[in-house]
Amino acid sequence: MNQLAFAVGVLAGLACAAIAFALQWRLRLRQPVSPHYDDQLLAVFEQWPTTAMALDPATMGWVAGNPASLRNLGYTLEQLRALKFSDIFSVEGVEGRGLMLKLQDATSRAPLEMRQRCADGSERKIEATCYRIEVEGRQLLAVAVHDVTIRRKVETQLLAKHQQLDHLAHHDHLTGLPNRLYLAAHLPDAIEEAKKNGTVLAVLFLDLDRFKHVNDSRGHETGDKLLKTVAQRVRSTMRAEDLVVRMGGDEFVVVMRGIKSTEQVNEAATRVNRALGAPMVVDGRTLVTTVSIGVALYPYDGADMGELLRHSDTAMYQAKDRGRNNFQLFSQSMDKRLKERIAIESSLRTALQSNQLDVHYQPIVDIESQRVIALEALLRWKHPAHGYVRPERFVLIAEEAGLIVPIGDFVLQRAIEDMVRWRQAQGTLVPVAINVSAVQLQRSNLAEQIARLTKAHGLEPSMLQIELTESAVFERREARAREASQDMVGKLRELGVHIAIDDFGTGYSSLSYLKRWRVDTLKIDRSFVRDLVTDLSDLAIVSAIIAMARHLHIQVVAEGIEGWQQLEKLRQLGCPYAQGYLFARPAPAQECLRYLSGAPLDLTQRLPVLENLEATGSGESVAIRA
């Protein structure tokens, strides 16, 4: 717009110069040196399409005007000459001598903006450009006038359009909140302000819990309406000076300036948790959502925007790990865990490609005969630099990173191949139990995969048992996910695969699914077995599980057996099967042929090992749930 005004000013100045020369010739009223040249100058003045006039600065009266000026103003030439400058033009807030100075100043600078009054009383905005001329020793001002009403309207429209486009670029179209670009433009300024004033600034990173399930079950249109309601509630809980931003998807960021204490941030985060935890009515249906919040403070948790966002995001994931629907303040220990998580994920991807993974097997034993009736396949990861990595350090990471499916495929493939090798070595095959995660159960066609592999290797699907943890499959899962899992379990049973519930009693523990899912085996979690002899509560729980399973015709396996007294108590309670260090540690496939002879285990050989275990207090390592 400045370039447009400049161009108009230049053209007006050139036109005014030409008009001034024409006025000089006309007002001198004498024969010019060249009549042809005189005619050209007069033609410029007479035919100039906009207002062109001559003013006597001494009297502020009009001397001449071209036909366009007379038409635009509605005066005759005689009427014009009877008027003063102020009768036609005015500048807001300027009168008398000041107006004359501004008019004369317009001869050397930008055009002067004024209001023009016509004979009929109408007004319009104009720009006047002046040029000093001398006629017969008389000092005059040649004035070229341009109506800028249309131009001003266009400029206003362009400005409004620019502001609209700027708003669209820096605000979220769905919620109307500022967006990521707006945050990138304003958060550095807020940080600089806090640095200058020596104040604390808080960045809150918000992520809705299980929002994907809303989109999947209710549709994206409902999800969008829910996000709009969430945005309104978050905005209403914060102070007017706080910045609330939608980062994208179901993520929001709040920037709080002038923080006086962490308690102030805690109260704000609590308000958000409560506001979003209240039911929301969308399309006549009630929805309930919660939010996990991570908080980072300037200058303690980061010196720039990148660090503050990254650390608040890290704290948010910590809030999710601690059960969701809460907030966590960032700490350096979180950052350390995050870096460790990234390193483990990267190493685990390498392990899948470089044969670092292996499968060990632990026997499941008939308590009365002490014969091996099954083996459980347990994944092991031997890192080239760190040795064996404990499963609890990477199993959840594998699930979150989407690696649990290829890991599960590896375990299944290896277990079937090992069974073929045992058969070739004249071993007596027993069923092999394989742990399957809820993610693998839902994302892979497990039944089809087992059918294909067992057929290719000449094995019966009934030689496999799938172990599912109740906490992973049943607890706090959406109906659609449960139905998908139940459908897959049904296909596995039709194939002949047995179904076991691992770690029974530690998760959802709803008795209804035992009937609905037609479970074959329950594995009592080691946490109940460990103090079975000394803790009456554990004794009552284990006794109840065994009695219930017997009436439902479900087999029971007690896990984590490490002592003779535990084994004897389980025998008295009528538990048929057991698994633990009392019988054997998990071993590589090539060492498992001794379990497959069909002969009872010789537990007397385990006494020195068990005594060492009791002395060191070590227990069975936790298996990776693949």
Side-chain angles (χ1 to χ4, degrees), residues 359 361-364 366 373-379 399 404-405 407-409 411-413 415-416 419 429-455 459-475 477 479 481-526 545-546 548-559 575-579 623-626:
V359 178
Y361 300 87
Q362 186 175 37
I364 299 172
D366 183 304
I373 56 96
L375 296 173
E376 181 178 2
L378 302 171
L379 181 66
E399 289 189 344
I404 202 67
V405 173
I407 287 176
D409 294 343
V411 173
L412 176 62
Q413 177 79 30
I416 290 178
M419 292 174 73
L429 290 187
V430 295
V432 173
I434 300 174
N435 294 285
V436 173
S437 75
V439 176
Q440 185 183 3
L441 192 66
Q442 295 162 17
R443 293 185 184 178
S444 63
N445 194 334
L446 192 59
E448 180 181 333
Q449 189 177 13
I450 289 176
R452 176 174 49 82
L453 289 173
T454 53
K455 182 178 180 180
L459 293 173
E460 290 296 325
S462 59
M463 296 302 294
L464 291 175
Q465 176 172 283
I466 297 302
E467 293 193 2
L468 307 170
T469 58
E470 57 177 349
S471 58
V473 179
F474 306 105
E475 189 173 7
R477 301 195 69 82
R482 291 197 301 268
E483 291 171 2
S485 298
Q486 183 176 355
D487 182 59
M488 180 54 66
V489 169
K491 292 179 180 179
L492 290 170
R493 289 192 59 84
E494 290 176 4
L495 194 62
V497 176
H498 295 278
I499 304 299
I501 302 301
D502 198 11
D503 301 335
F504 184 77
T506 60
Y508 196 66
S509 298
S510 173
L511 302 184
S512 63
Y513 69 72
L514 295 180
K515 176 181 178 181
R516 187 170 66 250
W517 287 53
R518 296 175 59 199
V519 173
D520 297 295
T521 303
L522 296 181
K523 302 189 74 173
I524 304 175
D525 187 72
R526 60 177 51 84
I545 293 174
I546 294 172
M548 175 193 66
R550 182 185 304 116
H551 285 89
L552 293 175
H553 304 289
I554 298 174
Q555 298 292 346
V556 178
V557 177
E559 296 182 292
C575 181
Y577 307 115
Q579 176 182 355
I624 297 177
R625 301 306 178 190

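Sequence positions, counted from 1, serve as the residue numbers for this chain.
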J.: Taking all non-hydrogen atoms of both residues into account, name the closest pair between Gln579 and Pro363 and its distance.
T.: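 Of all heavy-atom pairs spanning Gln579 and Pro363, the closest is CG-O, 3.6 Å.
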J.: Which pair of heavy atoms, one from Tyr361 and one from Val432, lies closest together, and at what distance?
T.: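 Heavy atoms only, the tightest pair is CE2-CG1, 4.1 Å.
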J.: Could you check if a side-chain atom of Ile499 sits within less than 4.5 angstrom of a side-chain atom of Leu492, using non-hydrogen atoms only?
T.: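 Of all side-chain heavy-atom pairs linking Leu492 with Ile499, at least one is under 4.5 Å.
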J.: Under the side-chain contact (heavy atoms from CB on, under 4.5 Å) criterion, do Lys523 and Glu376 qualify, and how do the steps go?
T.: CA-CA 12 Å; Lys523 302 189 74 173; Glu376 181 178 2; 3.0 Å; yes
J.: Can you measure from NE2 (His553) to CZ (Arg518) and round to the nearest 0.5 angstrom?
T.: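 Nearest 0.5 Å value for the NE2-CZ distance: 13.5 Å.
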J.: Do Ile466 and Ile450 come within less than 4.5 Å of each other through their side chains, counting heavy atoms only?
T.: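 Ile466 vs Ile450: side chains touch.
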J.: Please report the C-alpha distance between Glu467 and Val436 in whole Å, then the side-chain angles of each, then the deciding distance to 0.1 Å, and finally whether the side-chain contact (heavy atoms from CB on, under 4.5 Å) criterion is met.
T.: CA-CA 6 Å; Glu467 293 193 2; Val436 173; over 6 Å; no
J.: Within the 4.5 Å heavy-atom criterion, are Leu375 and Ile364 side-chain neighbours or not?
T.: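 Not touching, per the 4.5 Å side-chain cut-off.
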J.: Grab the two heavy atoms, one from Glu399 and one from Ser437, that are nearest each other, plus how far apart they are.
T.: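 That closest heavy-atom pairing would be OE2-CB, 3.4 Å.
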J.: So, do Ile501 and Thr469 sit near enough that their side-chain heavy atoms are less than 4.5 Å apart?
T.: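 The answer is no, as the side chains (C-beta and beyond) never meet within the 4.5 Å cut-off.
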J.: Could you check whether any side-chain heavy atom of Leu552 comes within less than 4.5 Å of a side-chain heavy atom of Val519, counting everything from C-beta outward?
T.: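 When only atoms from C-beta onward are counted, Val519 and Leu552 do not touch, as no gap falls below 4.5 Å.
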J.: Please report the interatomic distance CD1(Ile524) to SG(Cys575), rounded to the nearest 0.5 Å.
T.: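 Answer rounded to 0.5 Å: 5.0 Å.
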J.: Applying the side-chain contact (heavy atoms from CB on, under 4.5 Å) criterion to Val557, which one of Leu522, Asp502, Ile373, Thr521 satisfies it?
T.: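 By the side-chain contact (heavy atoms from CB on, under 4.5 Å) criterion, Val557 pairs with just one of Leu522, Asp502, Ile373, Thr521: Thr521.
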J.: To the nearest 0.5 Å, how far apart are CG in Leu459 and OG1 in Thr454?
T.: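 If I round to the nearest 0.5 Å, the distance is 7.0 Å.
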J.: Which atoms form the tightest heavy-atom contact between Met488 and Ala447, and what is the distance?
T.: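 That would be SD-N, 3.7 Å.
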J.: In sequence, state the C-alpha distance, the side-chain angles, and the governing distance for Leu412 and Leu464, and then conclude on side-chain contact (heavy atoms from CB on, under 4.5 Å).
T.: CA-CA 9 Å; Leu412 176 62; Leu464 291 175; 4.0 Å; yes
J.: Grab the two heavy atoms, one from Val430 and one from Ala374, that are nearest each other, plus how far apart they are.
T.: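 Heavy atoms of Val430 and Ala374 come nearest at CG2-CA, 3.8 Å.
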J.: Any side-chain heavy atom of Asp366 sitting closer than 4.5 Å to one from Tyr577?
T.: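 They are in side-chain contact.
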J.: Rounded to the nearest 0.5 Å, what separation is found between the CD1 atom of Ile404 and the CG atom of Leu379?
T.: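 Output value for this atom pair is 8.0 Å.
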J.: Give the minimum heavy-atom separation between Val359 and Ala377, together with the two atoms involved.
T.: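 Closest approach of Val359 to Ala377: CG1-CB, 3.8 Å.
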J.: Against Lys491, only a single residue in Asp487, Leu495, Val489 fulfils side-chain contact (heavy atoms from CB on, under 4.5 Å); can you say which?
T.: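 Answer to the side-chain contact (heavy atoms from CB on, under 4.5 Å) test with Lys491 among Asp487, Leu495, Val489: Asp487.
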J.: Verify side-chain contact (heavy atoms from CB on, under 4.5 Å) between Val497 and Gln465, making sure each step is shown before the conclusion.
T.: CA-CA 6 Å; Val497 176; Gln465 176 172 283; 5.8 Å; no
J.: For Lys455, is there an ion pair with Glu460 - N to carboxylate O distance below 4.0 angstrom?
T.: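 So Glu460 does not pair with Lys455 through a salt bridge.
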J.: Atom CD1 of Ile545 and atom CZ of Phe504: how far apart are they, to the nearest 0.5 Å?
T.: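 Rounded to the nearest 0.5 Å, the CD1-CZ separation comes to 5.5 Å.
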J.: In the structure I gave you, are the side-chain heavy atoms of Asp520 and Gln555 within less than 4.5 Å of one another anywhere?
T.: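 Asp520 does not reach Gln555 side chain to side chain.
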J.: If you measure from CZ on Arg452 to CG on Asn445, what distance do you get to the nearest 0.5 Å?
T.: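 So the gap between those two atoms works out to 9.5 Å.
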